[in-house]
Every structure is written in structure tokens, then in C-alpha cells.
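Right, one structure below, let's go through it.
When a ligand or atom number is given, it counts from 1 through the structure's own listing order. These numbers come from a predicted model, not from an experiment.
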Amino acid sequence: MRNLIDILDFSTEEIDGLISVANDIIENPDKYREVCRGKILGTLFFEPSTRTRLSFTSAMMSLGGAVLGFDNAASSSTAKGETVADTVRMVSAYSDIIAMRHPKEGAPIAASRVATVPIINAGDGGHFHPTQTLTDLLTIKRKCGKFDGLTVGVCGDLKYGRTVHSLISAMSRYTGVKFVLISPAELALPDYVKEDFLDGRCEYVENPDLEAAIPTLDILYMTRIQRERFSDPEEYERLKDSYILNAAKLKNAKPTLSILHPLPRVNEIDVDVDDDPRAHYFDQAAFGRYIRMALILFLLDTKGVDDRRISGSENPELECTNPHCLSRTERGIKKLFEGEKCIYCDQRAIRK
Ligand code: NCD
């Protein structure tokens, strides 16, 4: 049984395979209408979502399957104090595959250790969001025709933006990809993302000036400042409008530029960009349904393969100090480390 916790759980060949199936689904939807008849997708959304949850629901329904779940923690037994592990153990018994979103980093890893069905990470805190990345990769393939050699500007909240972390890790595996990291200093890419995916692997520059960067880009990936992850509301107010893309700022952009955004947008893309033929964010959201159909089909077919994460070991000398990591709050969780890193959130642990 395979899971999708981190985009690197899939090889580039497997991602190519999912993109081919998604393209075939777009061309021949009728072929797929009954293929999941009798199968159930559990959607456990402990945190708000529109596109991700509805596109998963639409994906399973378009395959002839059924969906059950909840769309906020308050309506689940979490409100009674149930652990993630116990909730997932139960929903494993009621469904054939689970997509989950949780505000704590590492929650899907904890889930995959107890689940008896494949677990899909639909976003864990400010950490990863691999199914958004599959959507992004399908969009890039359809709009740019390739991954190699692209210059990708990622702009906005690079600190808490989980879609950016997963996109960078996925794109850093292709040849000649360059990144331009566009953010205020306070919202720079976390060290673990730089160390794991960029340093020594990929060319990148940090440039807080969006307009100066635009002419060099093949892809401009805008993101929302992640209000819900700030501990200081004043800091959010100060940073929220750091970048606002509008038609005037695109004056010197390449004619072949692709403008992407995982959505929802707040202010960071003016509506005057929506009619620009280079604005692909609504197509991108639509593609999310097809790549998730391909993903569900792929994972349901991996029952025989054992992929349960057994990495990491307990180390009483280490402590994860990331306040957003599930390992700090979940009762009974095994605190596991690989070297000096917490396996749940990928952040460096400290010696006690
Ligand atoms: C993103 C997310 O949840 O991280 N949304 C999505 O899934 N399309 C981006 C965001 O919320 O800003």
C-alpha cells in the first residue's frame, strides 16, 4: 500500500504516469465513469478548504465512487479530544482511501503509521501540500510543455506557504530549473526547505523585488500571505499586501509566461490580470480534479505493496521544538528522529 505524504514519495516517472492518466481522463471522461464503483474515499478536513476537498469529492464521484467525511474538526470527535491516530484508525475501517488536511505538521505521517488504507496528505500546516503540486505540475506540463530549464518565480509567503515547499521539492528534481524566491525577509523560505531541496541541487536567487524579477521568469507562482499561521496579527497586517500583481507590472514579462496561484487569492493578484492569456490559475484549479482522479486510481491499485513509513528512531536526547508539529501535542505519539531531524515536520531537533 502506497501513500502520498510528501511529493518525493513519487518518482518523476510515476508523476509522468499520473499526468498521462489525467490527460487521458480530460480527453475520455466516459472511460473512467464507473472504475471506482463500490469504493469509498474518506475526506478528513480538520482545517478549511474549498478547492482541495471539493476537487477530491468531485474526483471520486467522477470515478463512480462515494465519499464520506467531515469538513471541520469541530464536527468530528477531535472536538471530544480524540487523537489523529484514533480518528484515522476508525475511518480506515469505513473507507478504501483517505485524503486528510490538518493544521499540525506531520499529521499525515502519524496517520499513515496506523491506517490500513492509503493516506493522501491534502495539506499539513505550513509544511507540505503534495496534491496541489500534482495539480501545479499538470498545469505546467500542459501550458509550458516541459519541466526542464524553466525559471520559476515563487512570490509571497514562502515561510508558511506549504504549496511552495512541495512545488520546490518537486521541481528541484528536473534539469536546469532555476528559482527566484520573492518574499519579504520575514517570510523567507525556511532553512529545511533550502537545505533539503535547493542547496547544492538547484540554482536559486532571493530577490524581494517582484517587478525586477518578472522579465526573467517562465512561471510566476503567486501565493497568499497565510494569515492563519501568524502568531502576531500586527505582523500579518504589516505584511499582507507585500505583493500585488497587476496588469501594469506584467508589461515586461515574457509572452510565454505562465501565471499560477494555488488559490484562494486575497489581494495578491488584481482582477485586471484575469483576462491576460498568461493567467492560468483558474485552469489550474480545474485540473485539480483530473490529477486527483489519476491519483486515487493509482493509490487504490497499490494495496499489495507495503510502504508504511518505518523511518526514524526514538532518541531521548532530542526534542522537536517546532510549535506546529503534531509530535508535540498528539497523545501517545512516538517521537521519531532521523539524524537530528524530526520525521514529522522535517525541522532540526535540539539537544535537551
Ligand atoms: C492552498 C493551501 O491550502 O495551502 N490552497 C489550496 O489547497 N488550493 C493555498 C492557500 O490556502 O493559500
What are the atoms of ligand 1, with element, lying closer than 4.0 Å to any heavy atom of Thr52? 6 (C), 7 (O)
With a 4.0 Å cut-off on N to O distance, would you call Glu340 and Arg351 a salt bridge? yes
Carboxylate-amine/guanidinium contact Asp124 Lys104, below 4.0 Å: no
Following the transitive rule for hydrophobic clusters with a side-chain heavy-atom cut-off under 4.5 Å over Ile, Leu, Val, Met, Phe, Trp and Tyr, establish whether Leu326 and Leu44 coincide in one cluster. yes
To the nearest 0.1 Å, how far is atom 5 (N) of ligand 1 from its closest protein heavy atom, and which atom is that? Leu263 O, 3.0 Å
Audit row: Asn267, Asp241, side chain to side chain donor-acceptor pair (under 3.5 Å) steps and yes/no: CA-CA 7 Å; Asn267 274 333; Asp241 290 330; 3.1 Å; yes
Under 4.0 Å, heavy-atom basis, I'd like to know which part of Thr163 is in contact with ligand 1: side chain, backbone, both or neither. side chain
Ligand 1 to Pro262 polar contact by distance, N or O atoms, under 3.5 Å: yes
Flag the pair Arg238 and Glu235 as a salt bridge only when some basic side-chain nitrogen lies within less than 4.0 angstrom of an acidic carboxylate oxygen. yes
Compute the minimum heavy-atom distance from Glu47 to ligand 1 and say whether it is under 4.0 Å. no
Kindly assign one of parallel, tilted or perpendicular to the pair His102 and Phe46, based on the angle between their ring planes and the thresholds 30° and 60°. tilted
Which atoms of ligand 1 sit under 4.0 Å from any heavy atom of Arg224? 10 (C), 11 (O), 12 (O)
Does an N or O from Gln132, backbone or side chain, lie closer than 3.5 Å to an N or O of ligand 1? yes
Please confirm whether Ala285 comes under 4.0 Å of ligand 1, counting heavy atoms of the residue only. no
So which of Arg162, Gln226, Glu268 gets nearest to atom 4 (O) of ligand 1, if we judge by its closest heavy atom? Arg162
Look at the aromatic rings of Tyr236 and Phe230 and report parallel, tilted or perpendicular, splitting at 30° and 60°. perpendicular
